[in-house]
Amino acid sequence: MQRSPSAELLVIVQGMPEHDPMTDFRFSYNIFGLEEPMAFAETCRRAERYGYDAVFAADHLGIASPFPTLVAAAQATERLRVGTLVLNAPFWNPALLAREIATTDVLTGGRLEVGLGAGHMKWEFDEAGIEWESFGSRAERLRATIDELGRLFAADGYEQQAAMRENFDIPILRPVQRSGFGGYGPPLIVGGTGDRILQIAAETADVVGIAGAFQVKGQPPGTLRIGTAAEADERVRYARERAGDRADRVQWHALVQLVVITDDRAAAAEKLLERLGSTMTADELLETPFAFIGSVEQIADQVLRNRERYGFTYYTVHGPYMDAFAPVIERVRSATG
């Protein structure tokens with residue numbers, strides 16, 4: 001069955017906005033807790049008014065299911081893009097995940113971005129009764145999921161349903177956007193910190209994400225600390241080398257772990273370390289691209305410096321920091337025209 005001209009037009013109109021991934025900034029926040037419907041909708045609309053470009057949902061036990069949450073966020077807003085940051089690939093059967101992605105992309109009018117990862121919280125796998133495989137096996141499952149999703153998005157539906165589709169004029173369920181997954185699905189984000197995940201991101205993703213939270217060596221899986229600037233340098237360098245000619249065509253994303261607006265950066269950093277422990281020094285905390293501490297002007301300057309140092313132009317802040325970070329977005333956009 002051929003796609004109608006109107007469906008093809010929708011891809012053009014509602015696809016990912018044109019931007020230069022090396023210079024144009026995009027800002028997003030991720031959802032922590034689920035409010036009652038009216039409050040949730042108003043939070044999404046407030047973020048849109050602030051100038052956020054996207055809202056993300058994670059894929060963890062004990063928090064809201066990502067795809068219904070994203071549909072609700074899109075329905076509450078006019079232009080805000082929605083996405084997953086990130087889905088735990090081992091949680092999902094690829095055929096069922098393809099159905100969720102396609103449905104969500106259709107219902108959001110082509111505003112979906114699909115973030116995929118390998119999973120890092122062992123307790124979640126244990127609670128869900130899903131086998132906790134080695135990191136290498138989870139990484140291979142991630143790559144296999146990406147490849148299979150691309151194959152399913154490129155297909156002309158299931159042959160077993162061809163007669164039914166023809167009899168009832170039912171369109172093939174497929175994503176509206178045709179940019180990621182080899183040109184057959186929504187934009188793909190792959191995020192992490194390990195070599196294998198970053199290699200997969202470099203080879204397949206439209207957006208390469210550096211998570212900002214690193215596994216603490218010798219501790220149970222999912223025990224995390226904030227990464228340092230030196231680690232960000234090395235991880236970006238590694239991923240860019242693996243990306244080769246693609247490096248300047250993808251967008252580089254950072255997941256910010258905390259935002260503190262203050263006129264005394266040093267004092268705020270020392271106070272934060274009382275909670276974070278001895279995983280880094282105050283100077284390292286102030287330098288890392290995964291934490292923003294300072295006045296609005298100081299943080300905006302840091303965002304601009306990070307673009308030059310790491311290439312980061314796409315940021316996500318955790319939901320509790322969405323309001324505090326909003327003036328920084330305005331400041332950055334004023335500085336960059």
Side-chain angles (χ1 to χ4, degrees), residues 16 26-32 53-70 73 81-94 96-98 100-101 104-105 108 111-125 128 130 132-133 135 137-150 175 177 180-181 185-215 221-222 224 227 235 239 250-257 290 312 314-319:
M16 195 167 178
R26 299 174 68 212
F27 299 99
S28 57
Y29 74 101
N30 60 10
I31 297 165
F32 264 37
D53 298 282
V55 56
F56 286 112
D59 187 22
H60 293 295
L61 296 185
I63 66 172
S65 178
F67 292 108
T69 302
L70 298 178
R81 292 183 65 80
V82 299
T84 57
L85 198 69
V86 291
L87 298 175
N88 286 308
F91 284 5
W92 294 89
N93 173 294
L96 300 181
L97 179 56
E100 296 292 323
I101 291 171
T104 303
D105 201 38
T108 62
R111 285 196 262 166
L112 179 65
E113 300 176 20
V114 179
L116 290 170
H120 61 274
M121 297 286 193
K122 182 178 182 298
W123 73 264
E124 292 186 314
F125 287 71
I130 298 172
W132 174 256
E133 300 177 316
F135 179 76
S137 295
R138 284 181 282 126
E140 289 304 317
R141 186 179 294 273
L142 169 61
R143 180 56 195 257
T145 298
I146 293 170
D147 292 343
E148 180 64 5
L149 288 172
Q177 300 173 96
F181 295 93
L188 171 63
I189 306 168
V190 176
T193 57
D195 286 0
R196 183 69 181 110
I197 302 303
L198 290 179
Q199 180 176 338
I200 293 169
E203 293 171 351
T204 66
D206 303 288
V207 178
V208 176
I210 309 296
F214 287 64
Q215 171 67 37
L224 306 174
R235 292 290 75 193
V250 302
Q251 189 158 41
W252 296 85
H253 173 274
L255 176 58
V256 177
Q257 301 298 315
F290 307 120
F312 292 145
Y314 198 175
Y315 284 95
T316 300
V317 299
H318 291 316

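In this text the structure is predicted, and so the values were computed from the model without any measurement.
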So Ile210 and His253, side-chain contact (heavy atoms from CB on, under 4.5 Å) or not? Walk me through it.
CA-CA 6 Å; Ile210 309 296; His253 173 274; over 6 Å; no
### Query
Is the backbone N or O of Pro90 less than 3.5 Å from a side-chain atom of Arg138, with the two atoms forming a donor-acceptor pair by type?
no
- Task: For Asp105 and Gln177, indicate whether the former's side chain and the latter's backbone hold a donor-acceptor pair under 3.5 Å.
- Result: yes
Main chain of His60, side chain of Glu124: is a donor-acceptor contact present, judged purely on distance under 3.5 Å?
no
Worksheet item: Between Ser28 and Tyr315, is there a donor-acceptor pair closer than 3.5 Å when you use the side chain of the first and the backbone of the second?
Response: yes
Practice item. Report the relative orientation of the aromatic rings in Trp132 and Phe125; use parallel for angles under 30°, tilted for 30 to 60°, perpendicular for over 60°. Key: perpendicular
Val55 and Leu70 have their tightest heavy-atom pair at O-CD2, 4.0 Å
Distance col, row Leu61:CG vs Ile130:CD1, nearest 0.5 angstrom, shows 8.0 Å
- May I ask you to decide if Leu96's main-chain N or O and Asn93's side chain share a donor-acceptor pair within less than 3.5 Å? yes
OH of Tyr314 to CZ of Arg26, rounded to nearest 0.5 Å, is 3.5 Å
side-chain contact (heavy atoms from CB on, under 4.5 Å), that's the test. Do Gln251 and Ile189 meet it? Break it down for me. CA-CA 9 Å; Gln251 189 158 41; Ile189 306 168; over 6 Å; no
OG1 of Thr316 to CG of Asp53, rounded to nearest 0.5 Å, is 10.0 Å
Open item on the list: Using only atom types and a distance under 3.5 Å, with no angle test, would you say the side chain of Asp59 pairs donor to acceptor with the backbone of Val86?
Closed with: no
Correct closest heavy-atom pair for Ala118 and Leu142 would be N-CD2, 4.3 Å
Nearest heavy-atom contact between Pro94 and Glu148 is CB-CG, 3.6 Å
Nearest heavy-atom contact between Ala58 and Pro66 is O-CB, 3.6 Å
- Task: Give a yes or no answer on whether the side chain of Thr84 reaches the backbone of Gly115 with a donor-acceptor pair at less than 3.5 Å.
- Result: yes
Closest heavy-atom pair, Thr69 versus Ala64, reported as atoms and distance to 0.1 Å, is OG1-CB, 3.4 Å
Residues at least two apart in sequence or cross-chain that pass side-chain hydrogen bond (donor to acceptor under 3.5 Å, both in side chains) with Glu203, listed by chain then number, are Arg143, Gln199
Output for pair (Trp92 CH2, Thr145 OG1), nearest 0.5 Å, gives 11.5 Å
Output for pair (Phe181 CZ, Ile146 CD1), nearest 0.5 Å, gives 6.5 Å
Taking the side chain as every heavy atom from C-beta outward, state whether Phe135 and Ile197 have any pair of such atoms under 4.5 Å apart.
yes
When every non-hydrogen atom of Gly194 is compared with those of Arg235, the smallest separation belongs to C-NH1, 3.6 Å
- Item | Heavy-atom side-chain proximity of Leu188 to Leu149 below 4.5 angstrom | no
- Message: If you define the side chain from C-beta out and look only at heavy atoms, does anything of Ile101 sit under 4.5 Å from Pro186?
- Response: yes
Q. Is there a side-chain contact between Phe67 and Leu97 (heavy atoms, below 4.5 Å)?
A. yes
Please answer whether the main-chain N or O of Gly319 pairs with a side-chain N or O of Asn30 as donor and acceptor at a distance below 3.5 Å. yes
Exercise. Parallel, tilted or perpendicular: which describes the rings of Phe32 and His318, with under 30° parallel and over 60° perpendicular?
Worked result: tilted
Practice problem: Evaluate the criterion side-chain contact (heavy atoms from CB on, under 4.5 Å) for residue pair Gln215 and His120; output intermediate values, then yes/no. | Solution: CA-CA 9 Å; Gln215 171 67 37; His120 61 274; 5.9 Å; no
inquiry  = side-chain contact (heavy atoms from CB on, under 4.5 Å) for Glu140 and Glu133? Distances and angles first, verdict last.
reply    = CA-CA 10 Å; Glu140 289 304 317; Glu133 300 177 316; over 6 Å; no
